[in-house]
Structure formats: structure tokens, C-alpha cells
Number of protein chains: 2
Amino acid sequence: MPQSRVVQEQNFLGNEAPRQKPTIKDVARASGASVTAVSYVLNNSRTVGVQTRERVLAAAQELGYRPNPLARGLITGRTQAFGTLVRDLQSYITTRIIAGVEKAAREQGYKMLLAPHNQDPSQAVSALHDLTARRMDGIISISGNSDEHPEIIAALPAAGLPYVLAFYRPSETARADSVVVDNRQGGYVATRHLLDLGRRRIAFVGGPAANNASRERLKGYRQAHAEMDLTPDEALIVSQHFMVEGGMRAAEQLLRDGVTPPDAVFACNDHIAAGFIRGCREKGLRVPDDVAVVGFDDHDMCPALDPPLTSMRMPLPQVGQLCVERLIYRLEQGAAWEPETITLPCSLVIRQSA
Amino acid sequence: MPQSRVVQEQNFLGNEAPRQKPTIKDVARASGASVTAVSYVLNNSRTVGVQTRERVLAAAQELGYRPNPLARGLITGRTQAFGTLVRDLQSYITTRIIAGVEKAAREQGYKMLLAPHNQDPSQAVSALHDLTARRMDGIISISGNSDEHPEIIAALPAAGLPYVLAFYRPSETARADSVVVDNRQGGYVATRHLLDLGRRRIAFVGGPAANNASRERLKGYRQAHAEMDLTPDEALIVSQHFMVEGGMRAAEQLLRDGVTPPDAVFACNDHIAAGFIRGCREKGLRVPDDVAVVGFDDHDMCPALDPPLTSMRMPLPQVGQLCVERLIYRLEQGAAWEPETITLPCSLVIRQSA
DNA sequence: CTGAAAGCGCTTACAG
DNA sequence: CTGAAAGCGCTTACAG
């Protein structure tokens with residue numbers, strides 16, 4: 001009898017056809033306990049006689065029993081899994097947040113189902129439907145450096161699942177938990193660093209004008225100036241796409257003949273910063289001597305740029321981790337609660353561009 | 001009666017508490033059909049009288065009915081979802097393959113459950129257990145530029161699920177489907193490009209010595225030389241980590257005083273190439289005039305490097321897409337089959353470094 | 001303290 | 001062609 005079990009185990013571990021997975025009934029039979037007892041023992045949800053308990057545990061162990069999450073989910077309505085809504089998986093920022101989500105989820109015994117929506121509201125809605133149908137326990141919605149389409153955020157409450165926003169600060173009225181990075185402080189620190197270097201014509205190259213992170217960083221930029229009783233030249237404040245090409249275009253704008261060039265640039269991401277540096281080079285300007293440059297994101301190519309790029313680092317894995325913790329907290333609390341936004345500071349990584 | 005349904009729908013779409021999701025029973029009741037009939041209509045698995053069929057469809061539509069995948073999976077053993085095993089989510093290569101997997105999966109009506117294993121066999125085994133327990137329909141295992149831990153590949157068959165390897169060419173005996181990139185051809189094309197430029201001392205900077213992709217690319221490097229009756233200087237062939245720092249170290253090795261420097265470098269990824277370029281700069285060597293450089297991966301920072309980096313592009317999204325197609329094909333075929341490896345060619349993206 | 005039984009929401013032989 | 005019923009693998013009132 002025990003022998004036949006061993007054989008099964010070998011089949012499972014070997015390269016052969018999969019054995020039939022043992023069910024709770026098999027464990028009950030093998031341990032001489034009732035299905036009820038097995039369930040209670042395995043879930044620790046009721047005290048069970050100690051000898052029964054031990055036989056159940058032994059049998060489960062020996063059979064390699066694993067409860068079927070589908071059956072369990074059907075009854076409990078919980079699946080020990082989160083849906084993670086993301087725009088796409090190509091973004092450096094997004095993947096680092098996901099890494100934090102995954103790690104924290106795993107540590108808490110949860111799995112993560114990824115649902116990219118490609119910034120398409122109808123895809124997002126259908127993903128949300130599916131996540132709900134699969135009885136996810138909650139949803140984490142990750143925004144990247146660009147804002148999510150508003151309809152996507154708006155679709156979240158309708159799913160009827162607890163959710164937390166990562167990297168996106170909800171409007172006052174939204175009643176949503178979120179974990180965000182302090183973009184204002186990041187913008188402040190970056191700008192302040194350039195001011196401390198003695199620069200006084202600091203350009204600001206933001207992302208698309210509507211981008212929330214950019215707007216916050218611009219506030220920090222202004223604040224740093226204001227604190228030193230300086231007024232930035234509004235002509236130095238421009239918007240571009242978060243790409244190398246955007247940075248090159250910004251350089252064309254700001255370094256064109258006939259205008260006084262900036263002596264520093266704070267770029268809202270590293271791609272822009274890199275493109276700007278390239279633009280400087282083409283104009284014959286030296287970085288950092290003529291133009292000091294600070295980027296944002298601390299991209300892993302920063303050390304490889306010429307010169308190595310000084311950049312703001314965001315605590316991205318922590319954002320993911322805190323989202324998970326928040327979500328689990330909500331799951332366990334249930335009932336009424338006040339939405340909460342956790343704000344994490346950025347830090348400056350000084351290299352040679354500023 | 002219809003009115004109360006409308007109210008429910010509003011609750012669902014609004015910001016209120018989630019309504020109870022309708023079940024197949026609700027659809028049966030609303031349409032006056034049997035549960036059996038509803039099931040057959042919705043699955044198209046048996047012909048049903050046309051008027052019944054239409055009433056069922058209408059009711060399902062109106063109620064916003066979505067079959068519970070958990071209940072369905074419990075019976076059918078299928079969940080319309082794949083598990084995707086990855087080392088981590090930080091790799092540029094991995095995320096691009098994942099994007100391809102996700103897109104193809106979505107188009108075929110499948111979801112994707114991501115399971116990172118951090119190159120830790122025990123994490124991989126437990127992820128595999130979980131994926132099996134959740135009744136995934138199949139598994140796609142994605143390797144990045146570095147080889148997977150062999151135990152991780154070895155654990156795959158034991159899960160008893162169909163699986164496909166992405167980016168990893170299985171050994172002859174492994175009997176596994178896979179979709180890989182033609183690293184040999186990539187190495188050949190890159191090297192050939194440098195040779196055609198007239199370079200004759202071409203260094204090869206690979207990843208860790210055991211790395212399979214590197215070894216294949218080296219074969220291509222040798223082949224390109226052989227075709228022109230050239231023999232590369234073995235001293236120019238070095239191994240480094242796939243990082244900017246690795247490239248810098250390679251530059252230290254190859255450009256040190258007293259040795260004849262290479263006039264070109266083929267680096268096995270863009271981070272290495274970028275680090276090497278930085279090393280050249282520090283030695284006062286011009287790229288590409290003194291040293292031409294070709295990287296690998298076509299990283300999105302390539303255009304921002306100085307000079308913009310010429311690099312090999314791999315058809316990564318296609319790798320993911322073909323994995324999904326292969327897997328679905330296996331699911332539908334079942335039974336006996338011969339393992340198949342699909343090999344996709346790389347292409348050269350010429351910028352200014354070579 | 002304990003177990004038989006109902007039931008979660010489906011699918012699918014089975015019997016009409 | 002059609003539907004009542006069994007059953008997937010669990011959890012948990014319910015009744016002893």
C-alpha cells in the first residue's frame with residue numbers, strides 16, 4: 001500500500017505521464033480520518049484530536065497532497081491571488097514595481113496574475129471582468145511614468161474588488177488607497193542639486209504636459225528656485241515625450257542659435273536626459289561643464305552614458321511591496337475604512353553629469 | 001423584473017458595493033431554459049432549439065453573465081490560462097518576450113499567470129507546484145540572456161503540464177518544444193559587418209563562459225572569420241558579466257598598455273558594449289574610428305549612447321507569440337508528437353558605432 | 001470534539 | 001432533441 005504511493009511519486013517526479021493528483025478524499029482514506037477532519041487539520045480552522053491530526057498531516061505529506069485552489073476558491077470566494085493591471089511590460093518603471101509586488105505577494109502566499117491593458121480602456125475593462133470572474137482577491141493597478149487613461153482608473157471600482165493604485169495619486173474624491181513616489185520632492189532635490197552647483201539657468205524638460213508626475217516635479221523645481229528667491233526663465237520649461245528623441249528635440253529647442261542656452265537641465269526621465277546630452281554634444285557643448293544634466297529614474301544604462309548620468313532614484317520595489325501590504329490589510333479589515341495614500345521619497349544618485 | 005436587473009447593472013457599474021454575480025441558474029431562470037440548455041448554448045457544445053438558444057443568449061447578455069472559470073476549471077481541468085515561468089521581470093529581454101506571450105495569449109483567449117523564480121530551483125519547483133495546482137493549461141518557461149539553472153529546466157516535465165521553452169534550446173534528449181533566437185547567425189552577422197568594414201582585429205566579449213547564447217554567438221564569430229580565411233586572435237576573446245561594468249572590465253583587459261588593441265569589438269549585449277565604449281573613451285580611443293563596436297539586444301538606450309550603438313535585434317515578441325501558438329497546438333493535439341525547435345533570425349540595426 | 005451532508009457553479013454522461 | 005442528476009474537490013453550517 002505505501003509502496004504503490006511511492007511508485008506514484010516517482011512517476012510524478014520523473015519524466016512520465018502525470019499521476020492523478022491526490023484529493024482530500026485520498027488523504028482521508030490514507031489517514032483513516034474523515035474528509036471534514038482533513039479539511040480542518042489542513043486549514044487549522046478547528047481543533048482536531050492530536051493523533052488524528054498527526055495521521056492526517058503524515059498522509060498529506062506522503063501523498064504530496066495540495067488542496068485544489070479552484071475548488072477552494074469556488075467555496076470561499078478567495079483564491080490567494082492578485083490581479084495586477086499594467087499598461088505594458090516594457091516600461092522600466094513598471095517592471096520594477098511589479099518585481100516588488102511579486103516578491104511581497106509571494107512572501108505572503110499570494111500569486112499574481114498580470115493583466116496588461118496597453119492603455120486601452122476596453123482592454124482594461126475586459127481584463128477587469130476576467131480578473132473578477134477568476135475571483136482574484138484584489139487588484140493592484142500600476143501606472144508608469146505616464147498617467148493612465150482616466151477611464152481605466154474609473155473602471156476599477158466597478159470590478160467590486162479591493163484595489164490599490166501604484167504610482168498614481170488618486171483625486172481627493174476617489175476614495176482609493178495608493179502608494180506613490182514623491183515627485184515634487186524628487187523635482188526639488190534634483191533642482192536644488194543643480195542650484196547648489198551654482199547653476200542659475202536651469203531648464204526643465206518634462207514629459208507630456210498632462211503628465212501628473214511631470215507636473216509634480218515641476219512644482220519641486222519651482223519650489224527650489226523660490227527658496228533661493230530665484231525665478232526660473234519660463235522659456236526654459238518645455239515638454240517632450242519620455243524618449244531619447246524627446247530629449248534631442250528639447251536640446252534643439254533650448255540650444256538653438258540666438259537664445260541664451262541653459263547652464264543645466266533637469267529632465268523628467270533618463271531617456272530624455274540621454275537625448276539631451278546627445279543634443280549638447282552635437283552643439284559642441286560639454287556636459288557637465290557647459291550644461292549640467294540630472295535625469296530621473298536611475299535607469300541601468302545611466303553609468304554607461306557619456307558622462308555617466310546623475311539621476312533621481314525612486315523606491316519602486318517598495319512601492320510594489322507596500323501596495324501588497326495595503327491590499328492584504330484591506331482584505332483582512334474589510335468593512336469601512338478611510339483611503340490612504342503612502343508617499344515615498346526619491347533619492348539623488350550623483351554620477352558625473354551634474 | 002427587467003427593471004430590477006437594470007438596477008443591479010447600475011450598481012455594478014457604479015461605485016457601490018458589488019452585486020452578486022449572476023450564475024448559470026440565474027440565466028436558466030431568466031430565460032426559462034434548463035441549466036443544461038444554458039450550458040450547451042454558451043459553450044456551443046450541443047445543438048439547442050433555436051428559440052431556446054436565443055432566449056438564453058438574450059438573458060445571459062442582459063444579466064451580464066460570465067461563467068465562473070473556477071467552477072468550469074474544476075470540472076474540465078482547464079482554465080484558459082498559462083503559467084509563465086521567468087527568472088525575473090527586470091530583464092529587458094524577458095519583458096519583451098512576455099509582451100509577445102501576453103499579446104498572443106490574449107488574442108487566443110488565454111490569461112497569463114507570471115511566476116518568477118529568481119533563478120532559485122526551490123522557488124521554481126514551488127511555483128510549478130502552484131501552477132499545477134491552479135490547473136494552468138500549460139507552461140511557458142522564459143530564459144533570459146543567461147541560461148536557466150539546469151534544475152529549473154529539469155523540473156518542468158514533473159509538473160505534468162505541456163510546456164514550451166522560450167529562448168532556451170533544449171538538449172537533444174529533452175523532448176521539449178522550444179522557440180529560440182538564432183544566436184549563431186546573430187554572431188555571424190555582427191562579426192561579418194565588422195569584417196566588411198575592413199576590421200581585422202575584432203574582439204569578442206561574451207557573457208559568462210557557460211552561457212549558451214554567448215557560445216553560439218562565438219560560433220558565428222568564428223564562422224564569419226573562417227569564411228574569409230581569417231583566424232581570430234584568441235587573446236581577443238573574453239568573458240564578462242552582462243553589465244556595463246563587465247564591458248568596462250573587458251576594455252581594461254583588451255586596451256591595457258603593451259598589447260595591440262582590437263580595432264573592433266562584438267559585445268554579447270548592449271550593456272557590455274556601452275561599458276566598453278566608456279572604457280575606450282577613458283583610454284582616448286575613438287569609436288568607431290579606432291574601435292568599431294557592435295552590441296546585442298537593440299536596447300532602447302542604444303540611440304542615446306555616444307556614439308549611438310549599432311546592435312543586433314532579436315525578434316523577441318515573436319518568440320513569445322510562437323511559444324503560445326505552439327502550446328495551444330500541443331493542447332489541441334494531445335497524444336504523441338515530436339518535439340520541435342523553432343529558430344528565429346536576428347537582424348542588424350546599424351547606427352554609428354560600427 | 002466530530003462527521004455526514006449540503007452546496008459552491010459549473011459540465012456532461014445518462015436516460016428519456 | 002432535451003433535462004434531471006451526478007460529480008469536480010473542496011468548506012462549513014448543522015446536528016449529534
Side-chain angles (χ1 to χ4, degrees), chain A residues 18-57 59-60 63-81 129-130 132-137 160, chain B residues 18-57 59-60 63-81 129-130 132-137 160:
Chain A
R19 66 168 170 187
Q20 204 56 34
K21 302 193 65 100
T23 71
I24 196 171
K25 267 190 197 156
D26 297 319
V27 178
R29 204 168 325 163
S31 64
S34 69
V35 164
T36 307
V38 174
S39 174
Y40 283 126
V41 167
L42 264 23
N43 291 313
N44 252 315
S45 45
R46 186 161 91 178
T47 35
V48 172
V50 65
Q51 66 274 38
T52 308
R53 178 183 167 75
E54 276 173 6
R55 273 183 299 137
V56 165
L57 256 16
L63 291 174
Y65 171 70
R66 298 168 165 274
N68 183 329
L70 267 37
R72 182 178 269 176
L74 194 53
I75 298 177
T76 63
R78 292 189 53 169
T79 52
Q80 292 289 108
H129 273 308
D130 191 80
T132 311
R134 288 178 196 275
R135 300 300 187 274
M136 295 292 109
D137 295 338
Chain B
R19 65 169 172 189
Q20 204 58 34
K21 301 192 64 97
T23 72
I24 195 172
K25 266 190 198 157
D26 298 320
V27 178
R29 202 167 327 164
S31 64
S34 68
V35 164
T36 306
V38 174
S39 173
Y40 283 126
V41 167
L42 264 22
N43 292 312
N44 251 316
S45 44
R46 187 163 89 179
T47 35
V48 172
V50 64
Q51 66 273 41
T52 308
R53 178 185 167 75
E54 275 173 5
R55 269 182 303 136
V56 166
L57 256 17
L63 291 174
Y65 170 70
R66 299 171 164 271
N68 183 330
L70 267 36
R72 182 179 269 176
L74 194 55
I75 298 177
T76 64
R78 292 189 54 168
T79 51
Q80 292 289 107
H129 274 307
D130 191 81
T132 311
R134 287 178 196 274
R135 300 299 188 277
M136 296 291 109
D137 295 339

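Naming: A, B, ... by sequence-line order, numbering from 1 per chain. All values below were derived from every heavy atom in this structure, side-chain atoms included, with hydrogens, water molecules and symmetry-related copies excluded.
Between N43(A) and dT11(D) there is a side-chain polar atom (N or O) within less than 4.0 angstrom of OP1 or OP2. Between Y40(A) and dC10(D), a side-chain N or O to OP1/OP2 separation shorter than 4.0 Å is absent.
Of the possible donor and acceptor atoms, one in the side chain of R135(A) sits under 3.5 Å from a partner among the backbone N and O of A133(A). In terms of modelled atom types and a separation under 3.5 Å, the side chain of R134(A) and the main chain of T79(B) share a donor-acceptor contact.
A 4.5 Å side-chain heavy-atom check between T132(B) and R66(A) finds every atom pair outside the cut-off. Side-chain contact between N44(A) and R53(A): present, with at least one pair of heavy atoms (C-beta onward) separated by less than 4.5 Å. Taking 4.5 Å as the limit, every side-chain heavy atom of N68(B) sits out of range of all side-chain heavy atoms of R72(B).
Distance from the side chain of A37(A) is smallest for dG3(C) among the nucleotides dG3(C), dG9(D), dT12(D). Side chain of S39(A), nearest nucleotide from dA4(D), dT12(D), dT11(C): dT12(D). Listed candidates were dC10(C), dC10(D), dC8(C). Nearest to the side chain of A71(A) is dC10(D).
Distance CD (Q51(A)) to P (dT2(C)): 8 Å, rounded to an integer number of Å. Atoms CG (L70(B)) and P (dT11(C)) sit 13 Å apart, rounded to a whole Å. Rounded to whole Å, atom P of dA4(D) lies 12 Å from atom NZ of K25(B). Note: CD1 (I75(B)) to C1' (dC8(C)) measures 11 Å, nearest angstrom. Going from atom CG of L74(A) over to atom P of dC10(C) covers 8 Å, rounded to whole Å. Protein atom CD1 of I24(A) is 11 Å distant from nucleotide atom P of dG9(D), rounded to whole Å. Protein atom CZ of R72(B) is 22 Å distant from nucleotide atom P of dG7(D), rounded to whole Å. For the pair Y65(B) OH and dT11(C) C1', the computed distance is 10 Å after rounding to whole Å.
Pair assignment for dA13(C): none, as no Watson-Crick or G-U wobble contacts are both less than 3.5 Å. When Watson-Crick and G-U wobble pairs are counted only if both distances are under 3.5 Å, dA4(C) pairs with no nucleotide at all.
With hydrogens and angles ignored, no donor-acceptor pair closer than 3.5 Å exists between the side chain of R135(B) and the base of dG9(D). In terms of polar N and O atoms assigned as donor or acceptor, the side chain of S34(A) never comes within less than 3.5 Å of the base of dA4(C) in a complementary pairing. You'll find a donor-acceptor pair under 3.5 Å spanning the side chain of R46(A) and the base of dT2(C), going by distance alone.
V35(A) comes within 4.0 angstrom of a nucleotide base, judged by non-hydrogen atoms across all strands. Contact annotation for T36(B): base contact, defined as any heavy-atom pair under 4.0 Å involving a base atom. Among the heavy atoms of the strands, none lies under 4.0 Å from G77(B). Residue contacts for A33(A): at a heavy-atom cut-off of 4.0 Å it reaches no nucleic acid atom on any strand shown.
Nucleotides dC14(C) and dC10(C) place their P atoms 24 Å apart, quoted to the nearest Å.
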